[in-house]
Amino acid sequence: MISVKEQEAIRKLMVFLQEWDSAHRVARSHILDNFIKGNDGKTEPELELEFSQGASLFLARLAAWLRMTYMYSTCLNKLLKSIGVFLSAASGRRYLIEFLEIGGVLILLEILGLNHLKEEDKRESVKLLQLIADAGRKYKELICESYGVQSLAEFLAASSSTEAQEDVQALMGSLGRGNPKYQNQVYKGLLAVLPCASPRAQRLALQTLRGVQETVGEAPSLLVEPVLGALCSAHLEVQYEATQLLKALMAHGARPALLQGLVALLTPPGKKAFTFCDETAKDPTALSLREPVLVYVQQAAAAKAIGVLAKESAGVAEELIQLNAVRGLMVAVGNLDHAASQRHASVSLEYFVHTFPFVEEYVKKALGHTLFQRFMDSPETWYTKMDPVQAEKLASNMVDVPRDMARMQSTVHFDATIFSLVKIKNPHSPVFEAKTTPAVMAQGAINTQVITTVAEK
């Protein structure tokens, strides 16, 4: 038998629900304000106590109103936050299921694609999708099956809100982990963001790709063009994230194609590319960039990345030499039209010269004694004193290091490695510690994994 207290609680619930059903937009907005203020952070038992075991009745009304009005932005932000109170409630899995049963995921994803809605409304939608994804693998799969990756990628690329983009980044990262069935789809969705016009979206996508890469494992070949495109961005923060991703990709099968693409960027196309665009030809005062500007930005970014990757791995450095990176770096140093290309190429070239003696010989032969000495004395500034004749000599150099020379040189260095043996006295067993000399390590001619101890029993 129902007690008097329970009867009174049920009566209050019915009055509240009738008030909601008969209220217009302004009154409902006020009801939502009070609900959010009084119930945010509550657990499922606390919500049931508040609604006399009828919280699901109110959630059903919220979901129904969302389905009918989300296209018109009627109290949308407050409505989504109210639904979030239920979805975020501890032990409230049944609320989540009830919301999904009315097509909640599809509604939230569709909100992201409606251009007339506010960014803050879309951000609340992303937050609800994150709550759904946090519930487990099958819920991540549901979002992906509902074309969620495509919707999120498009919103990330188009959004003007920093906070919203960061929320999407977190959600995409979550969908890429613990979701083996669709992790490749997430990976491709992030790659699709890279050609967009938003530097912030590019940076966030590159960061997320680096995390997802560890889960995906082998890198698909289709990543080469978008990753190199991002590397050539005029925004340094994008270039940095692209370089970090490249470093992670050096351990995967896409490495040869990426290195080949980097080296190709060092040598701009012929004179036909160095023309003004149509708008500039028609109006000389128009603020329109020449095509070479982009070509030079790409050249500088590639030169910088090559130096970073070569210093990370001797194997990568050798592959770059075989791909004629040395010749390309010399071409970039001779580009008097772009100081950044000269600076980054000179620093990277210095590493190859100091690390590989045979590269030093070829570069010295190409530059001549005087110019080579200037380079060795001040590699970071020598190009500023270069005259057009010297620059042309570099840009048109025909240095062609034999493809097998790097591998042969590495083998010679390995065979000639000098080990210092330090005997540690021990009454039971003599132990010898072997270390590579700093000079050999600096040359990068052998693997950086050092033999630390050799025990003789």
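Everything quoted here is computed from the prediction, not taken from an experiment.
- We find that K181 and E141 are not joined by a salt bridge, their nearest charged nitrogen and carboxylate oxygen being 4.0 Å or further apart.
- Within a 6.0 Å radius of CZ in R61, other residues, nucleotides and ligands contribute more than 12 heavy atoms.
- With contacts defined as side-chain heavy-atom distances shorter than 4.5 Å, the pair F99/L66 qualifies.
- Q169 pairs with exactly one of Q207, R203, R200 by the side chain to side chain donor-acceptor pair (under 3.5 Å) rule, that one being Q207.
- For the residue pair S56 / E98, a side-chain donor-acceptor distance below 3.5 Å is found, with atom types taken as modelled.
- Checking E119 against S159 by side-chain atom types alone, a donor-acceptor pair falls below 3.5 Å.
- In this structure, F16 and F51 have perpendicular ring planes: the angle between them is above 60°, well past the 30° mark.
- Each salt bridge (charged side-chain N to carboxylate O under 4.0 Å, His left out) pair with one or both residues in residues 76-88, not counting sequence neighbours, appears once here: D33-K78.
- Side-chain atoms of N335 and Q299 form a donor-acceptor pair, as typed in the model, at a separation below 3.5 Å.
- L258 CG to L249 CG: the interatomic distance, rounded to the nearest 0.5 Å, is 6.0 Å.
- Side-chain contact of K42 with N39: a donor-acceptor pair under 3.5 Å is present, judged by distance alone.
- When only modelled atom types and interatomic distance are considered, S378 and T381 share a side-chain donor-acceptor pair under 3.5 Å.
- Q322 and E318 form no side-chain donor-acceptor contact under 3.5 Å, judged by distance and modelled atom types alone.
- You'll find the side chain of I306 reaches within 4.5 Å of the side chain of L266, heavy atoms only.
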Just list the side-chain donor-acceptor pairs under 3.5 Å for residues 109-118, sequence neighbours left out, or say none.
from, atom 1, to, atom 2, distance (Å)
E110, OE1, Y70, OH, 2.9
E110, OE2, Y70, OH, 3.2
H116, NE2, M71, O, 2.6

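- At most 12 non-hydrogen atoms from other residues, nucleotides or ligands lie less than 6.0 angstrom from CD of E214.
- Residues passing the salt bridge (Lys or Arg N to Asp or Glu O under 4.0 Å) test with E350, sequence neighbours excluded: none.
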